[in-house]
Amino acid sequence: MCGRYTLFTPPDELESRFDATVGFEFEPRYNAAPGQQLPVVVDTDPGRIQRLEWGLVPRWADDDSGGHINARSETVAEKPAFAEAYQRRRCLVLADGFYEWADRGDGKRPYRVAFDDDRPFAMAGVWERWTPETQQVGLDAFGDGATDGGDPEPLETFTILTTEPNGVVEPLHHRMAVILNADDEGAWLNGDSVSLSPASGDNMRITPVSSAVNDPSNDRPGLIKPADTDRQR
DNA sequence: CCAGACGTTGTT
DNA sequence: GTCTGG
DNA sequence: CCAGACGTTGTT
DNA sequence: GTCTGG
């Protein structure tokens with residue numbers, strides 16, 4: 001699956017690659033984690049790269065906790081939590097690698113999956129807008145009625161579709177993110193039917209990395225450095 | 001009809 | 001063990 | 001995904 | 001909101 005990824009491609013390269021402009025202060029990410037605001041291209045505004053929160057909260061959810069970070073591509077069209085987003089709210093989740101954890105004999109360790117040249121790609125995503133229930137004020141005996149000011153902020157979230165692994169990822173894991181064919185990105189945003197099959201493993205590689213990746217508060221270039229599997233306990 | 005769930009992965 | 005936060 | 005918390009009352 | 005279970 002995909003629960004952590006990288007996006008350190010410089011913003012000007014992302015802009016030309018995805019034909020969209022970056023409208024925020026872009027910081028390279030070596031350990032993007034669920035719950036964070038991360039760069040995506042949404043269907044309603046495909047000329048912009050903007051940030052949404054990773055972890056889809058359905059429109060009807062009672063609260064904004066516990067968003068869904070992944071959706072199975074095989075069922076995303078039918079599941080109540082995703083069906084409407086799949087039909088009408090798609091996005092490209094920009095990345096240049098993702099992490100998978102695997103136990104190869106001596107404990108669970110992280111690996112980075114990426115293309116040989118670290119080129120950026122789009123993972124298939126769907127997004128949602130959740131608006132907090134507007135509070136009824138003035139009925140609460142102890143409420144002062146003055147603390148709740150303007151309109152509640154809508155929360156925009158996204159989830160990443162998963163599929164079976166290709167030959168490169170298969171030794172690590174039995175699920176992986178859907179990587180769109182570059183040619184399909186526009187069609188995906190457009191609501192058309194595109195291939196959500198596993199990307200070919202051609203030109204992809206896995207690299208063992210430091211278990212410093214485990215802690216989401218670590219986010220620095222050294223994280224993608226190859227780690228010696230044997231030396232690292 | 002209303003009530004209650006609505007997700008994935010992995011692990012057992 | 002299970003939930004929440006990042 | 002992993003890391004870290006996981007509780008209450010009352011007092012400062 | 002929409003689907004499933006009772």
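Within every chain, numbering begins at 1; the chains are lettered A, B, ... in the order of the sequence lines, protein sequences first and strands thereafter.
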If the condition is ring-ring contact (aromatic ring centres under 6.0 Å, His included), which residues does F18(A) pass it with, not counting sequence neighbours? none
Rounded interatomic separation in angstrom, taking CD from E74(A) and C1' from dG7(B): 14 Å
Is there a donor-acceptor pair under 3.5 Å between the side chain of D96(A) and the backbone N or O of R119(A)? no
Check: L161(A) and L196(A) side chains under 4.5 Å, non-hydrogen atoms: yes
Looking at R175(A), I'd like to know whether one of its side-chain N or O atoms comes within less than 4.0 Å of OP1 or OP2 on dT9(B). yes
Proximity of W127(A) and Y86(A) rings by center, below 6.0 Å: no
What's the CG-P distance between D63(A) and dC3(C), to the nearest Å? 14 Å
Using a 3.5 Å limit on both pairing distances, list the dot-bracket string of DNA chain C from the 5' end; Watson-Crick and G-U wobble pairs count, crossing pairs take [ ], interstrand pairs take |. ||||||
Any Lys/Arg nitrogen of E100(A) or R109(A) sitting under 4.0 Å from an Asp/Glu carboxylate oxygen of the other? no
If the cut-off is 4.0 Å, is R72(A) near the phosphate of dT9(B), judged by side-chain N/O to OP1 or OP2? yes
Are Y99(A) and Y111(A) an aromatic pair by the rule of ring centers under 6.0 Å? no
So P34(A), base contact, sugar-phosphate only, or nothing? Heavy-atom distance under 4.0 Å. base
Does atom CG (D19(A)) have a neighbourhood of more than 12 heavy atoms from anything else shown, all under 6.0 Å? no
Go through residues 76-88 of chain A and report each residue with a non-hydrogen atom lying under 4.0 Å from DNA chain B, sorted by number. K79(A), P80(A), A81(A), F82(A)
Provide, to the nearest angstrom, the distance between the CZ atom belonging to F98(A) and the P atom belonging to dT9(B). 13 Å
Touch class at under 4.0 angstrom, heavy-atom based, for T162(A) against every strand present: sugar-phosphate
Interatomic distance at C1', dT9(D) relative to dG1(C), whole Å: 27 Å
Write down the distance between CG (L172(A)) and C1' (dC1(D)), rounded to a whole number of angstrom. 14 Å
State whether R205(A) and D118(A) are salt-bridged, where the test is any N-O pair (Lys NZ or Arg NE/NH1/NH2 against Asp/Glu carboxylate O) under 4.0 Å. yes
Salt bridge present between E128(A) and R89(A) (N-O < 4.0 angstrom): yes
When you measure from the side chain of N31(A) to the backbone of N218(A), do you find a donor-acceptor pair of N or O atoms at a distance under 3.5 Å? yes
Counting the atoms with a prime plus P, OP1 and OP2 as sugar-phosphate, which does L56(A) contact under 4.0 Å by heavy atoms, base, sugar-phosphate, or nothing? nothing
At under 4.0 Å between heavy atoms, what does W101(A) touch on the DNA or RNA strands: base, sugar-phosphate, or nothing? sugar-phosphate
Taking 5.5 Å and 30° as the limits, would you call W60(A) and the base of dC6(B) a stacked pair? yes
Protein-nucleotide distance (H68(A), atom NE2; dA5(B), atom C1'), rounded to Å: 11 Å
Sugar-phosphate, base or nothing in reach of T75(A), heavy atoms under 4.0 Å: sugar-phosphate
Using the C1' atoms only, state how far dA5(D) lies from dG4(B), rounded to an integer number of Å. 29 Å
Length of the line joining W54(A):CH2 and dG6(C):P, which is rounded to integer Å: 15 Å
Between dC3(C) and dG10(D), how far is it from one C1' atom to the other, in whole Å? 27 Å
Check the distance between dA3(D)'s P and D215(A)'s CG and give it to me in whole angstrom. 7 Å
Separation of atom CH2 in W130(A) from atom C1' in dC6(B), rounded to whole Å: 16 Å
In whole Å, measure the gap between the P atoms of dA3(D) and dT11(B) for me. 14 Å
